[in-house]
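What you see below is based on every heavy atom in this structure, not just the backbone, and it leaves out hydrogens, waters and symmetry mates. Chain naming here is simple, since letters A, B, ... match the order of the sequence lines and numbering starts at 1 in each. All values derive from a computational prediction rather than experimental measurement.
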Amino acid sequence: MSSRAERTSGRNPAASAVGGGQDLQDLLSSFQGRSSGEPSPAADPVNQAMIRHFVEAMGDENPVYLDEEAARACGLPGVIAPPAMLQAWIMRGYRASLELERARAAGESAGSPTDELMALLDEAGFTSVVATNCEQDYLRPLFLGDHLSVRSSIESVSGLKQTALGAGHFLTTRMDFTDARGEAVATMHFRILKFRPRQSPRSAVGAMRPRPAITEDSAFFFEGTREGRLLVQSCGSCGKLRHPPAPACPECRSLDWDAVEVSPRGRVLSFVVVHHPQVPAFDYPLVVALVELHEGLRIVADMAGVEPADVAIGMEVEAGFEMIDQEIALPRFRPVGR
Amino acid sequence: MSAQRRHSYAGRTALSGIGATEFSKKSGRSELRLAVEAVAAALDDAGIDAGDVDGLVTFSADTNPEIEIARSLGLGELTFFSRIHYGGGAACATVQQAAMAVASGVAEVVVCYRAFNERSGNRFGAGVQGLPPLPNAESAQFAWYAPYGLLTPASWVAMFAQRYMHLTGTTSEDFGRVAVADRRHASTNPAAWFYGKPITLQDHQASRFIVEPLRLLDCCQETDGGQALVVTSLERARDLRHPPAVIRAAAQGSGADQHMMTSYYRDDLTELPEMSVVARQLWETSGIGPDDVQCAVLYDHFTPFVLYQLEELGFCARGEARDFVRDGAIEIGGRLPLNPHGGQLGEGYLHGMNGIAEAVRQVRGSAVNQIPALEHVVVTAGTGVPTSGLVLGTDR
Ligand SMILES: [Zn+2]
């Protein structure tokens with residue numbers, strides 16, 4: 001697999017020095033513990049109107065969020081905010097977020113350490129993001145009129161992790177919520193994965209490969225590949241093997257046949273290196289080989305694990321099997337021993 | 001193997017009219033209009049009224065129904081219509097169909113046609129990846145190639161070419177000599193897309209790889225245009241405007257274990273057995289041999305298969321085409337002038353039909369790059385697929 005070159009065009013001055021590996025890891029670690037500075041206050045105090053919208057949207061019918069009497073009946077001093085609404089109180093809103101982004105891009109506003117860290121990872125090629133988990137701890141209920149502030153800090157940055165989505169770093173941000181008196185009311189840990197998207201073409205996830213048309217004569221082949229087995233037809237009458245599939249035996253015309261497993265090993269009889277046109281599902285230049293299996297049958301498949309210049313007629317190869325989508329697996333050849 | 005045979009229509013039928021549109025990269029017209037223009041031009045060339053046409057033949061790959069041509073041109077009643085499958089392999093077979101219909105009395109005037117916007121519309125070279133995977137044999141044949149990235153005609157032919165080079169010692173330069181000859185001939189043919197644009201072997205070697213071992217200049221053009229051919233009895237042709245191009249032989253051929261461009265399962269990938277089937281019939285029926293031919297119009301969608309054809313037709317021994325194409329043998333004035341119109345690499349890609357028209361001009365003596373003292377010309381259709389061929393001759 002060819003490794004993707006890391007982008008080092010430095011919008012972020014720190015990133016331009018990043019070559020990856022340990023340098024990057026050290027730089028990432030230096031963000032641990034950095035905070036956004038002074039707590040920033042929410043735009044509005046905890047209020048009934050926003051609570052009403054929230055429980056309406058969530059379908060939460062607990063009366064303690066809307067009904068003063070019901071709240072008192074539960075031993076509370078008054079209506080409380082739904083705990084899960086914690087983050088809603090400090091959200092700055094869509095337009096304000098856009099404005100902040102614009103201002104940072106224009107250099108009118110310094111980014112937070114989180115912004116800086118995200119930019120650094122973008123530059124290093126970890127361009128995709130997915131939220132993985134969020135934990136909240138509530139120290140006391142929030143009442144109408146509570147005016148919250150929040151202070152965020154970077155709790156941890158993981159080392160490079162291999163995940164199903166691709167290689168990346170987990171970032172955990174801690175947010176401390178305080179009330180008007182500066183006392184803690186809640187904390188939140190929010191974890192994301194910043195990752196380098198897997199390059200699909202040479203991975204097992206080449207979802208855009210042309211799908212094979214399958215008939216009753218050929219379905220067995222694809223049932224075999226799904227189980228990691230190379231199946232061919234064997235004449236039920238004379239035993240002759242054949243591929244590609246056909247309904248009858250060219251030797252004896254028998255319509256009876258069995259699917260038998262053959263070794264996926266063989267030699268390259270001929271090959272091509274495709275350069276044009278280029279289809280998104282494949283990596284180019286693409287080596288496609290015509291292989292003569294040890295049983296004598298021939299089969300075409302693409303090759304992995306070899307540079308085009310190193311492919312030669314006569315080369316010993318062996319097929320593995322890879323899913324191209326949810327249902328179809330295909331053989332793919334590699335030089336034996338690689 | 002069949003016994004020697006001579007086709008009864010041979011020597012009694014002729015090509016008596018040819019007509020084409022311009023060959024371009026963007027016709028700006030419907031494929032049907034291109035077909036209609038070409039058919040009308042061929043009838044004018046022959047001097048035959050539209051009302052006399054009673055047969056039409058085309059490719060199953062053609063999108064222009066016979067009845068639409070007939071309706072547009074007021075052809076009236078048709079008694080014969082037939083289509084040939086397998087892409088460019090159909091070209092010469094359309095003439096064979098017409099000749100058989102005429103000789104058997106089924107029709108008197110049959111027009112063969114092919115028209116498409118192959119450059120500005122549906123490009124064959126773009127690949128089969130967009131074809132729906134239908135559960136039938138025609139679609140399923142691609143299942144053994146397309147999912148692995150072997151998507152285009154160039155890629156299917158390249159698999160043969162690599163093996164051929166490996167076993168015969170043929171080089172990319174040897175393939176290049178075919179392109180150079182075609183382009184030199186096109187450079188003096190005003191109807192050719194590459195008129196005035198010859199190339200050198202260095203140009204060929206410097207052109208980028210499309211599918212190794214094939215380079216850009218090993219691949220034919222993509223063309224918009226139409227070409228039509230009129231077939232009548234030889235007797236009728238003698239009363240028409242131009243000297244008849246006598247059909248001395250016409251043949252179709254499919255080989256053992258034939259596949260569509262991917263006959264990779266035969267013992268040796270250095271042969272085109274389907275063209276051997278055609279060649280055998282051509283020589284048997286015409287009564288002549290390779291030494292009696294003064295010009296060859298060989299299907300040249302990709303240069304390697306021109307070398308294969310020289311061997312299959314008997315112009316040289318197996319594996320020796322690389323020697324045959326050296327030293328100008330396939331250029332005008334050489335041992336066997338190849339594609340004097342420029343072929344599909346130089347003039348245009350009309351699925352082989354423009355090559356038949358060139359053979360007619362050579363027999364008439366009216367070609368722009370005329371071969372002197374020509375008596376016979378051999379023409380072939382698409383290679384790597386079930387194919388066809390013709391021997392045309394002068395009327396003496
Ligand atoms: Zn059998």
Side-chain angles (χ1 to χ4, degrees), chain A residues 201 206 208-219 221-222 242-247 250 268-292 296-303 308-309 311-314 324-325 328-333, chain B residues 123-167 207-216 219 256-260 262-270:
Chain A
M208 292 166 76
R209 280 193 183 211
R211 255 185 154 242
I214 297 172
T215 72
E216 290 85 343
D217 299 327
S218 64
F221 179 87
F222 299 97
R242 62 181 191 263
H243 181 84
V268 172
L269 190 88
S270 189
F271 68 96
V272 304
V273 183
V274 184
H275 295 266
H276 300 284
Q278 302 200 343
V279 170
F282 301 98
D283 259 0
Y284 294 90
L286 170 71
V287 178
V288 186
L290 170 63
V291 171
E292 190 156 271
L297 295 173
R298 296 179 189 171
I299 185 169
V300 169
D302 53 315
M303 283 191 69
V311 183
I313 287 176
I324 62 161
D325 58 27
I328 303 291
L330 295 176
R332 182 189 237 184
F333 287 105
Chain B
R123 303 172 66 175
F124 303 160
V128 298
Q129 61 275 11
L131 295 182
L134 302 174
N136 61 52
E138 191 125 70
S139 184
Q141 67 187 339
F142 294 117
W144 313 111
Y145 317 103
Y148 307 100
L150 213 57
L151 296 163
T152 60
S155 70
W156 302 325
V157 171
M159 193 70 86
F160 281 90
Q162 185 85 267
R163 183 79 185 160
Y164 183 84
M165 293 167 87
H166 178 74
L167 292 180
S207 68
R208 64 189 165 110
F209 280 122
I210 299 300
V211 181
E212 288 179 59
L214 299 190
R215 299 175 181 279
L216 177 66
C219 307
D257 201 7
Q258 180 77 54
H259 293 250
M260 186 73 177
T262 51
S263 299
Y264 298 154
Y265 312 94
R266 294 161 168 169
D267 287 345
D268 200 338
L269 301 189
T270 59

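B:Leu151 and A:Pro210 get closest at one heavy-atom pair: CD2-CG, 3.7 Å. When all heavy atoms of B:Leu269 and A:Arg298 are compared, the pair lying nearest together is CD2-NH1, 4.0 Å. Annotation for A:Ala213 and B:Ser139: closest pair CB-OG, 3.3 Å, computed over non-hydrogen atoms. The nearest pair of heavy atoms linking B:Tyr148 to A:Leu330 is OH-CD2, 3.6 Å.
The backbone N or O of A:Val272 lies less than 3.5 Å from no partner atom in the side chain of B:Gln162, so there is not a single donor-acceptor pair.
Under the rule for a side chain to side chain contact (heavy atoms under 4.5 Å, CB included), the partners of B:Phe142 that lie at least two apart in sequence or sit in another chain are B:Val128, B:Leu131, B:Ala146, B:Trp156. Residues forming a ring pair (Phe, Tyr, Trp, His ring centres under 6.0 Å) with A:His276 (at least two apart in sequence, or on another chain): none.
For B:Asn136, the CG atom is densely surrounded, since the number of other residues' heavy atoms within 6.0 Å is greater than 12.
For A:Val300, the parts sitting under 4.5 Å from any heavy atom of chain B are the backbone and the side chain alike. Both the backbone and the side chain of B:Ile210 come within contact range of chain A, each with at least one heavy atom under 4.5 Å from a heavy atom of that chain. Contact of B:Ala154 with chain A is not made at all, since no heavy-atom distance falls under 4.5 Å. Of the atoms belonging to A:Leu269, heavy atoms from both backbone and side chain fall under 4.5 Å from chain B. In this structure, the portion of B:Arg266 lying under 4.5 Å from any heavy atom of chain A is its backbone and not its side chain. Contacts between A:Pro247 and chain B at a heavy-atom distance below 4.5 Å are absent for every atom of the residue. Using a 4.5 Å cut-off between heavy atoms, A:Ile214 touches chain B through its backbone atoms (N, CA, C, O) alone. Contact annotation for B:Ala161: neither backbone nor side-chain heavy atoms come within less than 4.5 Å of a heavy atom of chain A. In this structure, chain B has no heavy atom under 4.5 Å from any part of A:Ala246.
Counting heavy-atom pairs closer than 4.5 Å to chain A, the top residue among B:Met159, B:Arg208, B:Gln129 is B:Met159. Top candidate by heavy-atom pairs under 4.5 Å with chain B, chosen from A:Pro245, A:Ala219, A:Pro244, is A:Pro244.
Of the inter-residue distances, the one linking B:Tyr145 atom OH with A:Ile299 atom CD1 reads 9.5 Å to the nearest 0.5 angstrom. Taking CE of B:Met165 as the start and OG of A:Ser270 as the end, the distance is 10.0 Å to the nearest 0.5 Å. The distance from the CD1 atom of A:Ile313 to the CG atom of B:Leu167 is 7.0 Å, given to the nearest 0.5 Å.
Note: A:Phe222 and B:Trp144 have parallel aromatic rings, judged against thresholds of 30 and 60 degrees for the angle between ring planes.
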